[in-house]
Amino acid sequence: MEKDQLSGPQKELIRESWQTVSQDQLHHGTVLFSRLFELEPELVFLFQYNSSHFSEVQDCLRSAEFTEHIRKVMTVIDAAVSSLDSLSSLDEYLTSLGRKHRAVGVKLESFNTVGESLLFALESGLGDAFTSDTREAWSLLYASVVQSMSRGWHRDSQE
């Protein structure tokens with residue numbers, strides 16, 4: 001993660017805020033995806049499990065399969081927070097995750113909306129503790145994660 005290096009104080013803001021939010025990851029993950037589907041409703045159609053075809057966002061959000069997806073997303077965020085001092089150690093994993101998302105039809109541009117939704121969920125969970133400095137730190141972390149994941153869309157490029 002060469003560019004957008006996080007400073008020590010930014011890492012601390014991320015760790016402190018995540019400590020609060022991670023107490024109830026499923027709730028905050030549900031807030032994140034509720035916001036995502038509000039901003040890009042068509043994304044719900046990417047989440048079709050076995051014979052389940054969700055036409056309603058709430059049906060998707062309540063399904064056991066989607067709850068598992070929320071848990072996985074929150075685990076990735078947790079891994080990023082735990083690896084703040086060595087984010088490059090996640091590069092291979094995140095590139096592979098990007099490839100999986102590309103394979104199921106996710107557009108790279110949708111990760112901009114996911115980022116907005118993550119910030120919304122963090123702000124909802126932290127209230128006044130979600131300062132502009134905290135927002136900036138999370139934005140940089142998320143940009144680093146997406147930079148690695150985006151290699152899954154551009155697997156032939158040598159960044």
Side-chain angles (χ1 to χ4, degrees), residues 1 3-41 43-44 46-49 52 54 56-101 104 106 108-150 152:
M1 313 271 155
K3 50 186 214 187
D4 297 335
Q5 282 288 343
L6 290 160
S7 69
Q10 287 174 320
K11 290 176 187 178
E12 199 50 42
L13 285 170
I14 290 169
R15 287 185 184 110
E16 285 173 9
S17 55
W18 184 246
Q19 189 171 11
T20 300
V21 171
S22 67
Q23 302 300 311
D24 192 353
Q25 291 187 19
L26 185 58
H27 168 74
H28 296 293
T30 302
V31 171
L32 187 162
F33 278 98
S34 297
R35 180 66 173 167
L36 178 65
F37 293 148
E38 212 174 275
L39 296 173
E40 282 193 48
L43 290 180
V44 75
L46 293 174
F47 296 97
Q48 307 301 329
Y49 301 101
S52 302
F54 304 114
E56 295 294 320
V57 167
Q58 288 308 314
D59 293 340
C60 180
L61 289 170
R62 281 194 287 261
S63 73
E65 297 93 342
F66 196 75
T67 297
E68 184 56 30
H69 183 75
I70 291 172
R71 288 188 198 285
K72 287 178 183 175
V73 169
M74 299 308 274
T75 299
V76 171
I77 296 169
D78 193 61
V81 172
S82 298
S83 302
L84 285 175
D85 292 321
S86 58
L87 281 172
S88 59
S89 67
L90 296 177
D91 276 351
E92 198 173 309
Y93 170 73
L94 292 172
T95 299
S96 168
L97 195 58
R99 242 180 250 118
K100 288 177 185 173
H101 280 79
V104 297
V106 176
L108 190 52
E109 302 76 47
S110 291
F111 280 97
N112 293 331
T113 314
V114 174
E116 289 175 42
S117 301
L118 171 62
L119 295 174
F120 177 85
L122 290 165
E123 186 170 16
S124 298
L126 295 166
D128 292 340
F130 193 67
T131 63
S132 59
D133 288 343
T134 304
R135 173 183 286 277
E136 177 65 17
W138 275 100
S139 295
L140 288 173
L141 174 59
Y142 184 73
S144 292
V145 168
V146 171
Q147 181 181 27
S148 293
M149 286 183 72
S150 70

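Here the structure is a predicted model, which means the values were calculated and not measured.
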**Student:** Could you pull out the closest heavy-atom pair between Gly125 and His28, with the gap in Å?
**Tutor:** CA-CE1, 3.4 Å
**Student:** Check whether any side-chain heavy atom of Leu126 lies under 4.5 Å from a side-chain heavy atom of Thr131, and answer yes or no.
**Tutor:**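 No - every pair of side-chain heavy atoms lies 4.5 Å or more apart.
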**Student:** Keeping Ser17 on the side-chain end and Ile14 on the backbone end, is there a donor-acceptor pair under 3.5 Å?
**Tutor:** yes
**Student:** Drop me the distance from Leu13's CG to Leu140's CG, to the nearest 0.5 angstrom.
**Tutor:**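 Answer rounded to 0.5 Å: 11.5 Å.
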**Student:** Quick one: do Glu116 and Arg35 satisfy salt bridge (charged side-chain N to carboxylate O under 4.0 Å, His left out)? Show the steps, please.
**Tutor:** CA-CA 9 Å; Glu116 289 175 42; Arg35 180 66 173 167; 5.9 Å; no
**Student:** So which atom in Ala80 and which in Leu141 form the shortest heavy-atom distance, rounded to 0.1 Å?
**Tutor:** CB-CD1, 4.2 Å
**Student:** As a test of understanding, state which of Asp24, Thr67, Ile70 forms a side-chain contact (heavy atoms from CB on, under 4.5 Å) with Thr30.
**Tutor:**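 Of all the options given, the one that passes is Ile70.
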**Student:** How many angstroms lie between atom OG of Ser34 and atom CD of Gln58, to the nearest 0.5 angstrom?
**Tutor:** 6.0 Å
**Student:** Let's go through Glu92 and Ser96 carefully: what are the C-alpha distance in whole Å and the side-chain angles of both, what is the deciding distance for side-chain contact (heavy atoms from CB on, under 4.5 Å) to 0.1 Å, and is it a yes or a no?
**Tutor:** CA-CA 6 Å; Glu92 198 173 309; Ser96 168; over 6 Å; no
**Student:** Evaluate Phe33 against Val44 for side-chain contact (heavy atoms from CB on, under 4.5 Å), listing each step before the verdict.
**Tutor:** CA-CA 9 Å; Phe33 278 98; Val44 75; over 6 Å; no
**Student:** Could you please spell out the steps behind the side-chain contact (heavy atoms from CB on, under 4.5 Å) verdict for Leu46 and Val104?
**Tutor:** CA-CA 7 Å; Leu46 293 174; Val104 297; 5.7 Å; no
**Student:** Do the ring planes of Phe37 and Phe66 sit parallel (below 30°), tilted (30 to 60°) or perpendicular (above 60°)?
**Tutor:**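 The arrangement is tilted - the two ring planes meet at 30° to 60°.
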**Student:** Output, in order, the C-alpha distance, side-chain angles, deciding distance and verdict of side-chain contact (heavy atoms from CB on, under 4.5 Å) for Arg15 and Gln19.
**Tutor:** CA-CA 6 Å; Arg15 287 185 184 110; Gln19 189 171 11; over 6 Å; no
**Student:** Donor-acceptor check, side chain of Ser22 to backbone of Gln25, threshold 3.5 angstrom: yes or no?
**Tutor:**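 Here the side-chain-to-backbone pair does not exist.
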**Student:** Any chance you could measure Leu61, atom CG, to Ser63, atom OG, to the nearest 0.5 Å?
**Tutor:** 8.0 Å
**Student:** Roughly how far, to the nearest 0.5 Å, is OG1 of Thr113 from CD of Glu40?
**Tutor:** 3.5 Å
**Student:** Closest approach of Gln5 and Gln10, non-hydrogen atoms and distance?
**Tutor:**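 Looking at all heavy atoms of both residues, the closest pair is O-OE1, 4.1 Å.
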**Student:** Where do Ala137 and Leu6 come nearest, in terms of heavy atoms and distance?
**Tutor:** O-CD2, 3.6 Å
**Student:** Of all heavy-atom pairs between Val31 and Ala121, which one has the smallest distance, and what is that distance?
**Tutor:** CG1-CA, 3.8 Å
**Student:** Determine whether more than 12 heavy atoms belonging to other residues, nucleotides or ligands lie under 6.0 Å from atom CD of Glu68.
**Tutor:** yes
**Student:** Where does the angle between the aromatic ring planes of His101 and Phe111 fall among parallel (under 30°), tilted (30 to 60°) and perpendicular (over 60°)?
**Tutor:**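 Plane angle over 60°, so perpendicular.
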**Student:** Would you say the side-chain atoms of Thr95 pair up with the backbone N or O of Ser148, donor to acceptor, closer than 3.5 Å?
**Tutor:** yes
**Student:** Distance from Ser82 atom OG to Ile77 atom CD1, nearest 0.5 Å?
**Tutor:**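 That separation rounds to 11.5 Å.
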**Student:** State the CG-OG1 distance between Leu122 and Thr20, to the nearest 0.5 angstrom.
**Tutor:**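 One gets 10.5 Å once the value is rounded to the nearest 0.5 Å.
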